[in-house]
Amino acid sequence: MATAAVSSGGISDQLFVSIKLECPRLDELGLVPHVFGSHPVAGSWDSSKALPMEQEEAAVWGLSCVVPSHHETLDFKFLLKPKGNSSQCIVEEGPDRSLVCGSSEVETRNALFKFDDELGAVECKVFVETEILSPFDLAASWKAHQEHLQPRVRGAHDVSMNAESESRAKNGFASGLELDLEKYVVPTPNMGSGVVYAANLTENPRSLLTTGISSNILHNSIKGDASPNLYASANKGADGRHVPPQEEQRAIFVDRGVGSPKFARPTNETISMSNAKFDSEAKDMPAAEGAVAAAAVADQMYGPKEDRKLAIVLVGLPARGKTFTAAKLTRYLRWLGHETKHFNVGKYRRLKHGINQTADFFRGDNKEGVEARNEVAALAMEDMLSWMQEGGQVGIFDATNSTRSRRNMLMKMAEGKCKIIFLETICNDKDVLERNMRLKVQQSPDYAEQTDFEAGVRDFKERLAYYEKVYEPVEEGSYVKMIDMVSGSGGQLQINDISGYLPGRIVFFLVCIVSPSELLLHR
Ligand SMILES: Nc1ncnc2c1ncn2[C@@H]1O[C@H](COP(=O)(O)OP(=O)(O)OP(=O)(O)O)[C@@H](O)[C@H]1O
Ligand SMILES: O=P(O)(O)OC[C@H]1O[C@](O)(CO)[C@@H](O)[C@@H]1O
């Protein structure tokens, strides 16, 4: 298998752009520079929605963002607004400035502002710095920042996860940006697991609920599947469709004024993450959180068309953390502003076939069982694809998908509709698995009616053994493998044939949450 260096690998590089305006008179005159431009995130040429620049020094103002290297062209201009009065503005003279597709060049002619009164004109120097970076640069930077630095964010907090609270700024952007990647911790064997069974919080099986099934099965399933939203009507939109509460928390994130990034640049084919650290002596370190935050802006602003429909298909034996990982990824992608939904095939299976299936149902040579499982997997996939056609962007498809033929079926269904990335979770640690299995029996609706806990554990182990017999690790298509990462102290992340902006963001996220000691890139 051919390998490629990280910094020039297939995962699309991104362009960090830092714009600065220097003029001692602005402060004296009580004026705040803004940027507005052709893209909605820069106000679509509406001056009332212009992005304010952040004062970095008495005479220096800055604004930065990260865009994909193949971003759409953005035309923009500077404008000045009096402090505390956003209704008036003076737009700079001269032609629009452009951040042209495929180029890191931005014109740096001085910005000239003419006033009608005795103030005459104000001229500002313009500085633009650009730097190409990869998801690994961002991840290494972010991790090093966490390990070595006190967070330093200029002015107010820059990033907020919770847009519904007071953090919504005047112009509709989230003003508080509190990057919470550190909350995405892969559990260690000693950590409590929490009480929520993550699969219950996934999408409701739309096709099954509308086609009608026996009320008896529904009743049984409801008892086991204590999902707060499973059959509730409270979360329905005007058109009767399910509206997950998280979607209301969607926001646009704007990074305000961060310095120039100094990114670690791993170049080996196998990268040791311990070497891919920020230089802790570097003076301008705080760019880390800004750069990551700025990438979130880019997610809102840009995103090439081919990335717009993406299926992340989980693969892995039972109790390997698939649902756990899927739930975290869903949350992260929603936080970035992408329409993301998590479809759990177990939930479909329970609804269609009830909760009391014994291990036998999962036997690889149980023809009826295999057909029944493929049928519900196909239903979930159809629901996911229909949702994408209605505007959804990233579907996370959560099942074991443990055979090549199952994955082929999914790839066929997705042809021409979305791109697929397989995300395989592998865990060989016996202690971790034992703990996971016991937790599953405690929490899974599959064992809600099993009164003998140890009998439940035996049944789950039997189910697992049947899966192991037929399991085929992913070797096809685009994939990411997370191997033995549960302890958070090592493990390996293997990446094959991943390209595109959004997949890059996903890899960034996985690198951040799992702290792999090794990264392997193929192709
Ligand atoms: N990367 C990982 N490797 C191993 N275990 C993990 C990992 N991430 C999370 N876990 C733990 O695995 C346990 C089982 O998680 P989860 O329900 O997500 O498994 P699953 O693979 O979806 O199982 P199933 O296929 O049976 O539904 C959880 O208690 C979680 O803490
Ligand atoms: O049909 P597949 O790919 O085995 O995956 C779905 C199954 O995976 C499981 O999570 C395995 O434990 C079941 O809940 C579910 O029915």
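Being a predicted model, the structure only gives us computed values, none of them experimental. What's counted below: heavy atoms across the whole structure, side chains too, no hydrogens, waters or symmetry copies. First listed ligand is number 1; within each ligand, the first listed atom is number 1.
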(message) In this structure, does ligand 1 have an atom that sits under 4.0 Å from one of the heavy atoms of Met485?
(response) no

(request) Answer yes or no for Lys481 and Tyr479: cation-pi contact, defined as NZ/CZ to six-membered ring centre under 6.0 Å and angle to ring axis within 45°. (result) yes

(request) May I ask whether Arg463 places a heavy atom under 4.0 Å from ligand 2? (result) yes

(message) Using the rule given for salt bridge (charged side-chain N to carboxylate O under 4.0 Å, His left out), can you reason through Lys430 versus Glu434, listing the C-alpha separation, both sets of side-chain angles and the distance that settles it, and then say yes or no?
(response) CA-CA 6 Å; Lys430 286 204 169 66; Glu434 183 66 29; over 6 Å; no

(message) Just to check, does Gln443 reach to within less than 4.0 Å of ligand 1 when the distance is taken from its heavy atoms?
(response) no

(message) Please verify the inter-ring angle class for Tyr447 with Phe460; under 30° counts as parallel, over 60° as perpendicular, anything in between as tilted.
(response) perpendicular

(request) Please determine if Arg463 has a nitrogen or oxygen closer than 3.5 Å to a nitrogen or oxygen of ligand 1. (result) no

(request) Looking only at protein heavy atoms, identify the closest one to atom 5 (O) of ligand 2 and say how far it is in Å. (result) Thr400 N, 3.0 Å

(request) For atom 1 (O) of ligand 2, state which one of Lys352, Arg350, Arg349, Arg406 supplies the nearest heavy atom. (result) Arg406

(message) Would Leu439 count as a contact residue for ligand 1, given that I'm defining contact as a non-hydrogen atom of the residue lying under 4.0 Å from a ligand atom?
(response) yes

(message) Would Asn436 count as a polar contact of ligand 1, with the cut-off being nitrogen or oxygen pairs under 3.5 Å?
(response) yes

(message) Tell me whether Tyr348 reaches ligand 2 (any heavy atom closer than 4.0 angstrom to a ligand atom).
(response) no

(message) Can you report which non-hydrogen protein atom sits closest to atom 7 (C) of ligand 2, along with the distance?
(response) Tyr467 OH, 3.7 Å

(message) I want to check a possible cation-pi pair here: Lys328 against Phe324, using under 6.0 Å from ring centre and within 45° of the ring axis as the test.
(response) yes

(message) So, regarding Asn401 and ligand 2 (criterion: nitrogen or oxygen to nitrogen or oxygen, under 3.5 Å), is there a contact or not?
(response) yes

(request) Measure from atom 10 (N) of ligand 1 to every heavy atom in Gly321, Ala326, Pro318, Ala319 and give the option owning the shortest one. (result) Gly321

